[in-house]
Amino acid sequence: MNRAGRALALGCLLLLQPLLATAGGNSLLIPAAGRCTLNTPADELQQALASCQQAAQSGDAQAQYELGEFYYDGKNAPQDLNKALNYFEQASLQGHAEAQYRLGSMFFRGEGVAANNVQAYIVLKMAAVNGAEDALDMADEVSAKMQRDELEMATQVLGQIFRKYLLELQTVDGRTPFAPLP
């Protein structure tokens with residue numbers, strides 16, 4: 001693997017590394033989080049926006065996702081792909097499946113960021129693991145446009161992520177991931 005390939009693989013791994021932080025004992029699942037609502041009447045939007053931003057700053061993945069959608073769709077405010085990308089990244093790093101799906105699609109389409117099929121594929125596969133229903137279909141669409149070496153690199157990064165996850169499961173309470181539940 002060449003130097004640029006290693007740097008890209010490492011960058012992808014570092015981007016996804018926080019996904020492996022614990023969430024209810026299973027690092028690939030996201031716990032239920034508080035919600036913010038931006039689907040409000042225009043006269044209440046500023047207050048709702050401030051409330052969501054506060055929740056997002058305190059680490060609420062759902063609020064980060066909602067803000068990402070708010071700035072991505074541009075229905076109630078001008079579209080701001082940089083802000084959307086930032087909020088989707090924050091939620092994605094916490095394992096929020098829909099944020100990962102949106103982030104993967106932004107990498108695939110080059111929305112607010114340079115198009116990057118390797119990152120798109122990795123993030124979309126993680127979104128699928130975390131429960132985003134359409135993520136596998138889009139990951140297949142991305143893989144159809146990837147070169148063989150790109151797909152191999154993405155698969156290696158995913159393999160590293162899942163190996164780390166498996167080791168994490170094996171060390172929880174000294175059990176193996178295949179041991180019967182208590």
Flag, side chain of Ser92 to backbone of Glu89, donor-acceptor distance under 3.5 Å:
no
Any non-hydrogen side-chain atom of Cys36 less than 4.5 Å from a side-chain atom of Asp60?
no
Hydrophobic cluster membership, with links at side-chain heavy-atom distances under 4.5 Å among I/L/V/M/F/W/Y: are Tyr71 and Leu103 in one?
no
Using side-chain heavy atoms (C-beta onward) and a distance below 4.5 Å, is Phe162 in contact with Met126?
yes
Not counting sequence neighbours, which residues clear side-chain hydrogen bond (donor to acceptor under 3.5 Å, both in side chains) with Gln57? List them please.
none
Please find the pair of heavy atoms, one from Leu124 and one from Ser105, that lie closest to each other, and give the distance.
CD2-N, 4.2 Å
Would you indicate whether Asn39, at its atom CG, is surrounded by more than 12 heavy atoms from other residues, nucleotides or ligands within a distance under 6.0 Å?
no
Distance (rounded to the nearest 0.5 Å) between Gln62 CD and Gln94 CD
11.0 Å
Do Phe70 and Tyr65 sit in the same hydrophobic cluster, where Ile, Leu, Val, Met, Phe, Trp and Tyr count as joined when their side-chain heavy atoms come under 4.5 Å apart?
no
Hey, mind stepping through Leu158 and Tyr121 against side-chain contact (heavy atoms from CB on, under 4.5 Å) and telling me if it holds?
CA-CA 10 Å; Leu158 284 167; Tyr121 183 80; 3.8 Å; yes
Work out which heavy atom in Gln100 is nearest to a heavy atom in Val123; give both atom names and the distance.
O-CG1, 3.1 Å
Only pairs under 3.5 Å count here: list side-chain donor-acceptor contacts from residues 75-88, not counting sequence neighbours, and write none if there are none.
| unit_1 | atom_1 | unit_2 | atom_2 | d |
| --- | --- | --- | --- | --- |
| Gln79 | NE2 | Tyr72 | O | 2.7 |
| Asp80 | OD1 | Asn82 | N | 3.2 |
| Asp80 | OD1 | Lys83 | N | 3.1 |
| Asn86 | OD1 | Gln90 | NE2 | 3.4 |

Point-to-point distance, once rounded to the nearest 0.5 Å, from CD of Glu141 to CG of Asn117
10.0 Å
Charged N to carboxylate O under 4.0 angstrom, Glu152 versus Arg148?
yes
Find the distance between CD (Gln147) and CE (Met153) and round it off to the nearest 0.5 Å.
11.0 Å
Please report the C-alpha distance between Leu38 and Leu67 in whole Å, then the side-chain angles of each, then the deciding distance to 0.1 Å, and finally whether the side-chain contact (heavy atoms from CB on, under 4.5 Å) criterion is met.
CA-CA 8 Å; Leu38 294 171; Leu67 285 164; 4.0 Å; yes
Enter the distance from Leu93:CG to His96:NE2 here, rounded to the nearest 0.5 Å.
13.0 Å
Taking the side chain from Ser51 and the backbone from Gln47, do they hold a donor-acceptor pair closer than 3.5 Å?
no
Closer than 3.5 angstrom, by distance alone: can the side chain of Gln64 be matched with the main-chain N or O of Ala56 as a donor-acceptor pair?
yes
Minimum heavy-atom distance between Gln156 and Arg163, given as atom pair plus value:
O-NH2, 4.3 Å
Which atom names give the shortest non-hydrogen contact between Ala127 and Ala135, and what distance separates them?
CB-CB, 3.8 Å
Minimum heavy-atom distance between Ala91 and Ala61, given as atom pair plus value
CB-O, 3.4 Å
